[in-house]
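Throughout, protein chains are lettered first and strands after them, A, B, ... in sequence-line order, and every chain is numbered starting at 1.
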Amino acid sequence: MSEAINFHYVVDGDDFTSAGEASVDIKRKLRQLGVDPAIIRRVSIAMYEGEVNMVIHADGGTVDVNVYEDKIEMILSDEGPGIVNVELAMKKGFSTAPDYVRSLGFGAGMGLPNMKSYTDGMQIDTKIGVGTTITMVVNLK
Amino acid sequence: MTVKELLKLDEFEAVNISDDSRIIKGGYCGDLLSWVMGRAEEDNVFVTIMVNVNVIAVASLINVSCVVICENAELSDELINAAKQKEINLIKTPLASFEACACLSNLINA
Ligand SMILES: Nc1ncnc2c1ncn2[C@@H]1O[C@H](COP(=O)(O)OP(=O)(O)O)[C@@H](O)[C@H]1O
Ligand SMILES: [Mg+2]
């Protein structure tokens, strides 16, 4: 049994335009590891949405990607405000994003739904005033 | 159709071309980036009037064959440099999104 390969990223909460650096980097790393391009695409898009959310809604955070033999796990953690109503937040079109975010093409309320549809498993652990951890899994087999 | 073939048309002007042999299989038009990420497919042309640098990150993650910016929207150096760095084919057109899509659709289905 080979051990998991880990990648750790810090997502800067101030820099909206550079959001996505971690997802673009993970894309390159997974390509080097020989992961199927269709899987890489799903992982990197889901991670990008999560990264953008951490920048818009939570002032940044961290991303840990663990590549196992049979799955890729992404853990996105922030110390932001938390999500008040997860069920509502998961609905297509629901967004609390401010207008400036919308002018940049985000804030359509499709991020969490995309994260769910591009992954095989997603879990949201959130606590108001403490933060949010979102764990996503994409199966390799 | 390839990116090279598209660029033969006067309406479509190269801004950054990293690989003009990319094949265009269908397309997606939109300015809301999460919709684009949810729906656009690999090897699509991504038609938009959005010109902030996130467009290039999205194009890269989806692995579209090219991005077409409509209405001759002004392109910042930051955007063009990001396209160069991420090797994204970036094209601009004076056409509005609707006309650009109609034109592209005809070409793709020809
Ligand atoms: N990391 C987070 N911290 C706090 N709130 C969040 C976080 N991620 C998402 N949310 C909340 O869930 C809503 C829906 O998220 P999403 O579907 O990505 O849409 P959008 O980002 O376009 O608003 C957000 O508007 C926000 O209220
Ligand atoms: Mg979002």
**Message:** Counting neighbours of CG on N85(A) that are heavy atoms of other residues, nucleotides or ligands and sit closer than 6.0 Å, is the number greater than 12?
**Reply:** yes
Check your understanding: Under a 4.5 Å cut-off applied to non-hydrogen side-chain atoms, are M110(A) and L32(B) in contact?
Key -> no
- Message: Quick one, Y48(A) with V58(B), criterion side-chain contact (heavy atoms from CB on, under 4.5 Å). Give me CA distance, side-chain angles, the key distance, then yes/no.
- Response: CA-CA 8 Å; Y48(A) 183 66; V58(B) 167; 3.6 Å; yes
When the 4.5 angstrom heavy-atom criterion is applied to D31(B) and chain A, the contacting part is backbone
Note to self: Under 4.5 Å between side-chain heavy atoms, counting indirect links through other Ile/Leu/Val/Met/Phe/Trp/Tyr residues: same cluster for I39(A) and V67(A) or not?
What the structure shows: yes
field: F98(B) atom CZ, over 12 foreign heavy atoms within 6.0 Å
entry: no
Rounded to the nearest 0.5 angstrom, the CG-CD1 distance for N63(B) and I45(A) is 9.5 Å
Cut-off 4.5 Å, heavy atoms of chain A, and the answer for M37(B) is both
What one should report as the nearest heavy-atom pair of M50(B) and R102(A) is CE-O, 4.2 Å
- Count the heavy atoms of every other residue, nucleotide or ligand shown that sit under 6.0 Å from CD1 of I23(B), and state whether that count exceeds 12. no
Cut-off 4.5 Å, heavy atoms of chain A, and the answer for E42(B) is both
When the 4.5 angstrom heavy-atom criterion is applied to S44(A) and chain B, the contacting part is both
**Prompt:** Should we say atom CD1 of I49(B) is surrounded by more than 12 heavy atoms from elsewhere, each under 6.0 Å from it?
**Reply:** no
Heavy atoms of S34(B) and E49(A) approach each other most closely as OG-OE2, 2.8 Å
| task | Look at atom NZ of K86(B) and say whether more than 12 heavy atoms of other residues, nucleotides or ligands are closer to it than 6.0 Å. | result | yes
- Message: For E21(A), is the CD atom crowded, meaning more than 12 foreign heavy atoms sit under 6.0 Å from it?
- Response: no
Show the numbers, then the answer: is there a side-chain contact (heavy atoms from CB on, under 4.5 Å) between K27(A) and L61(B)?
CA-CA 8 Å; K27(A) 193 180 153 183; L61(B) 295 174; 4.2 Å; yes
Next on the checklist: For Q32(A), is the CD atom crowded, meaning more than 12 foreign heavy atoms sit under 6.0 Å from it?
Outcome noted: yes
Answer key: most heavy-atom pairs under 4.5 Å with chain A among V36(B), T48(B), V53(B), I62(B) is I62(B)
